[in-house]
Amino acid sequence: AGVRMNNLITSLENELGGLKKEKTKLDCDLAGRQAVLCHSDERQGLLDGVKKLEEEHGDLEKKLEKFSDCDPDLYLEMKKGLATTKESANRWVDNIWCLQGWMNKKFPGREK
């Protein structure tokens with residue numbers, strides 16, 4: 001049991017050493033990247049420009065949404081569905097007339 005504990009301690013110490021080296025390396029990488037991403041006036045100007053463009057894009061999307069009813073593709077799709085709608089309405093009217101005729105035959109004298 002003692003040998004197993006010593007082996008476990010050794011392996012954990014080796015793993016800890018490796019993790020410390022990795023942490024040091026990552027800290028150096030982080031410091032280097034932060035130095036590259038310094039907040040310069042040029043970068044701030046570009047960020048402001050991006051923000052303005054995003055706002056303008058949102059405004060244009062809202063304006064475009066107002067005109068969505070005038071979409072030619074939507075109009076053509078509605079035009080295609082017009083024939084089906086007309087056939088469906090005629091089928092309902094025919095059903096009503098058939099039902100009225102059946103009721104007149106089944107119950108004569110009650111046309112009102």
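Computation of the quantities below employed the complete heavy-atom set of this structure, encompassing side-chain atoms and omitting hydrogens, waters and symmetry-equivalent molecules. Residue numbers count from 1 along this sequence.
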Distance-only check: which donor-acceptor pairs under 3.5 Å involve side-chain atoms of residues 10-19, not counting sequence neighbours?
from	atom 1	to	atom 2	distance (Å)
T10	OG1	N6	O	2.7
S11	OG	N7	O	3.3
S11	OG	L8	O	2.9
N14	ND2	T10	O	3.4

Tabulate below the donor-acceptor pairs under 3.5 Å that side-chain atoms of residues 79-89 make, not counting sequence neighbours, or state none.
from	atom 1	to	atom 2	distance (Å)
T85	OG1	G81	O	2.8
S88	OG	T84	O	3.0
S88	OG	R91	NH2	3.4

Co-members of the apolar cluster containing L74 [side chain, <4.5 Å]: M78

Non-neighbouring partners of W97 that pass side chain to side chain contact (heavy atoms under 4.5 Å, CB included), sequence neighbours left out: V93, Q100

Other cluster members, L60 - Ile/Leu/Val/Met/Phe/Trp/Tyr, side-chain contacts below 4.5 Å: none

Co-members of L99 in a cluster of I, L, V, M, F, W and Y side chains, linked at under 4.5 Å: W102, M103

Pairs where residues 52-65 contributes a residue and the test salt bridge (Lys or Arg N to Asp or Glu O under 4.0 Å) is met, not counting sequence neighbours: none

Could you list the donor-acceptor pairs under 3.5 angstrom formed between side-chain atoms of residues 21-38 and any protein atom two or more places apart in sequence or on another chain?
from	atom 1	to	atom 2	distance (Å)
K23	NZ	D27	OD2	3.0
T24	OG1	K20	O	2.9

